[in-house]
Amino acid sequence: MLDIKFIRENPDAVKRACELKGFTDYTDQILELDARVRELKTVTQSKTAEKNKITREIPTATDKAPLIAASKAIANEIANDMAELDEKEKQLTDLLHRVPQIPSDAAPIGRDDTENVEVRRVGTPREFDFTPRPQWDLLEMNGWWKPEKIASICGTRTYALFGEAAELELAIETYVLQKLMGKGFTFVSCPSITKPQTIFNAGHFMGTDPSVMANDVFMLTDTDRCLAGTAEIILNCLHSDEVLNEKDLPIKYAGFSPCFRKEAGAAGRDTRGIVRIHQFNKVEQYIYCTPEQSDEMHEHLLNNLCEVMEDLELPYRVIAACTGDMGFNKVKMNDVEAWFPSEGAYRELGSCSSIGQFQARRTNTRYRDKNGNMQFCATLNNTGIALPRAIVPVIENHQNPDGSINIPKKLQPLMGGRTKIGGKH
RNA sequence: GGAGAUGUCGCAUAGUUGGUCUAGUGCGCCACAUUGGAAAUGUGGUAUACCCGCAAGGGUAUCAAGGGUUCGAAUCCCUUCAUCUCCGCCA
């Protein structure tokens with residue numbers, strides 16, 4: 001959420017953000033409610049002050065009855081105003097949670113993902129001197145998956161990897177975690193079960209009505225818990241209600257957790273293969289810093305993911321998401337897409353986001369700056385690596401005619417020194 | 001899942017027959033004094049959010065959270081949450 005003071009002072013900037021991002025503009029309603037709320041606060045608070053004064057006189061008064069009566073009378077007046085105040089404040093809070101983060105001036109302006117801008121390409125898609133196989137053929141011929149079997153056991157959009165592919169999955173996770181730890185990230189293995197409030201705090205959803213999550217989030221029946229879609233939401237709450245020291249910033253976390261997505265809006269898309277499933281593992285990069293450090297940290301996070309692409313020896317490109325595609329809570333967003341030979345296209349493997357103070361305001365995560373003033377932290381997040389999706393470009397780009405896969409050099413130590421897997425069937 | 005205990009201003013604590021508690025004390029921290037410098041000591045200060053105000057300043061709320069009783073709640077009642085101990089179950 002944004003600071004109400006900022007909205008008060010910069011209504012035009014807020015209106016423009018709503019327009020650029022394609023969200024309903026509630027600015028006028030907010031300002032109206034805000035004015036009324038402040039008016040009611042002024043009235044109720046001065047009446048309360050009056051009542052407190054009378055109340056304090058009662059213990060020592062000789063004739064208590066008139067004072068008690070007076071206090072009661074004021075209490076009744078206050079109650080009426082408070083009822084309206086509560087109501088208006090609720091409405092205001094709900095609307096404040098519907099105001100999008102102001103996008104960066106650097107972000108391209110556009111309506112949806114068709115207007116995203118390619119920032120750069122790194123590496124050249126390999127020219128095969130044979131017909132490359134798609135992920136499903138490679139997984140099949142090497143005995144690395146059993147899609148029908150697993151679907152019959154666990155339902156659609158689930159997966160299991162067997163043998164060397166499972167090893168590869170674990171090796172990639174380990175590789176990325178070790179890389180991030182080497183860059184000062186603290187490894188956190190995160191829970192996947194959480195409270196809905198945790199998800200709200202991340203700012204992916206608008207308003208204060210929990211039912212808006214039902215489409216995207218797996219709720220656990222008969223409990224007040226749900227399955228987390230990403231470790232980001234846990235990491236985002238790690239310092240809620242705390243006051244950090246500026247000298248301790250930035251704080252960097254590498255979260256690892258199973259992630260759960262309903263994928264309700266993706267019916268029919270990516271039904272074949274292991275690109276889009278209900279449960280996957282993800283290493284997530286997360287940073288708390290000062291607003292001044294935010295741009296530098298964004299580049300840091302983005303570069304980390306780019307390095308991972310290069311270590312996995314994948315051709316990739318970096319996208320700048322346009323205002324209409326970046327999402328509700330973001331200042332700016334860069335996607336990193338790897339080359340998928342089977343599709344002849346780049347596809348998203350990670351998404352690097354600057355959130356500004358938007359999440360920290362929801363979680364009440366602050367720091368004391370050099371001058372001793374309280375500030376909200378800025379937060380950023382980026383994928384470290386998401387699996388099994390990342391396996392797809394690895395096996396497709398590094399395949400041989402016999403169906404075997406060359407292991408990227410950096411992964412070889414984690415694969416027992418092997419340079420190649422598969423191709424034996 | 002069963003039984004019990006606990007939750008106070010950064011930390012540790014005082015406060016439970018409701019009213020000088022707008023929360024005391026110790027430690028920590030900051031400033032000043034003392035000192036050649038430091039330790040020790042002394043004095044003062046030491047939360048956050050919001051409202052009114054140009055400001056100085058004033059006010060409201062917060063003793064885990066929410067609600068209730070009352071003229072008045074840290075103190076009484078209810079609900080929730082968290083922590084600890086024991087039992088049960090279990091990777």
For atom CD of A:Gln197 and atom C1' of B:A65, their distance in whole Å: 13 Å
Taking A:Thr323 for its side chain and A:Gly110 for its backbone only, find out whether a donor-acceptor pair lies under 3.5 Å. yes
Using atom P in both nucleotides, what's the gap between B:C76 and B:C84 to the nearest angstrom? 25 Å
Answer for the Watson-Crick or wobble partner of B:G7, both distances under 3.5 Å, is B:C81
Tell me the interatomic distance from A:Met374, atom CE, to B:G10, atom P, rounded to whole angstroms. 10 Å
Classify the nucleic acid contact of A:Lys64 as base, sugar-phosphate or nothing, counting any heavy atom under 4.0 Å across all strands shown. nothing
Mind checking who B:U43 pairs with, Watson-Crick or G-U wobble, both distances under 3.5 Å? B:A31
Could you state the atom-to-atom distance from NZ of A:Lys51 to P of B:U22 in whole Å? 14 Å
Determine the interatomic distance between C1' on B:U22 and the same-named atom on B:G59; round to the nearest Å. 12 Å
A:Lys195 NZ to B:C81 P, straight-line distance once rounded to whole Å: 8 Å
Integer-rounded Å distance: B:G10 P and A:Tyr367 OH: 21 Å
Return the pairing partner of B:U60 with a 3.5 Å limit on both distances, Watson-Crick or G-U wobble; otherwise return none. B:A49
Whether A:Arg366 contacts B:U48 is assessed here as follows: a side-chain N or O lying under 4.0 Å from the phosphate OP1 or OP2. Is that the case? no
Give me the residues of residues 91-100 of chain A where at least one heavy atom lies under 4.0 Å from an atom of RNA chain B, by number, or none. none
Mind checking the P distance from B:G68 to B:G1? Whole angstroms is fine. 29 Å
B:C89: pairing nucleotide in any strand, Watson-Crick or G-U under 3.5 angstrom: none
Please tell me if A:Arg368 has a side-chain N or O lying less than 4.0 Å from either OP1 or OP2 of B:U48. yes
Per-nucleotide protein contact string for nucleotides 51-62 of chain B, where B marks a base within reach and S marks sugar-phosphate only (heavy atoms under 4.0 Å, - for neither): BS------BSS-
Does any nucleotide pair with B:U70 by Watson-Crick or G-U wobble geometry, both distances under 3.5 Å, and what is it? none
Pick the P atom in B:A12 and in B:G19, then give their distance to the nearest Å. 26 Å
Are A:Asp270 and A:Arg347 ion-paired here, with the side-chain N under 4.0 Å from a carboxylate O? yes
Give me the distance, rounded to whole Å, that separates B:C50 from B:U34 when you measure between the P atoms they each carry. 40 Å
Using atom P of each nucleotide, how far apart are B:C86 and B:G42 to the nearest Å? 44 Å
Who does B:A38 pair with, Watson-Crick or G-U, both distances under 3.5 Å? none
How long is the line joining NZ of A:Lys247 and P of B:C29, in whole Å? 13 Å
Strictly below 4.0 Å, N to O, side chains only: are A:Glu77 and A:Lys47 in salt-bridge contact? yes
Using a heavy-atom cut-off of 4.0 Å across all strands, would you classify A:Leu67 as base, sugar-phosphate, or nothing? nothing
Taking atom C1' in both B:C51 and B:A33, compute the distance separating them and give it to the nearest angstrom. 39 Å
Is the number of heavy atoms from other residues, nucleotides or ligands within 6.0 Å of NZ (A:Lys90) greater than 12? no
Interatomic distance where CZ belongs to A:Arg361 and P belongs to B:U48 [whole Å]: 17 Å
Only counting residues at least two apart or in another chain, list the ones meeting ring-ring contact (aromatic ring centres under 6.0 Å, His included) with A:Phe376. none
Could you tell me whether A:Lys183 atom NZ has more than 12 heavy atoms of other residues or ligands within 6.0 Å of it? yes
Just checking, is any N or O donor in the side chain of A:Glu232 or A:Asn381 under 3.5 Å from an acceptor N or O on the other one? yes
Separation of A:Ile74 atom CD1 from B:C71 atom C1', in whole Å? 10 Å
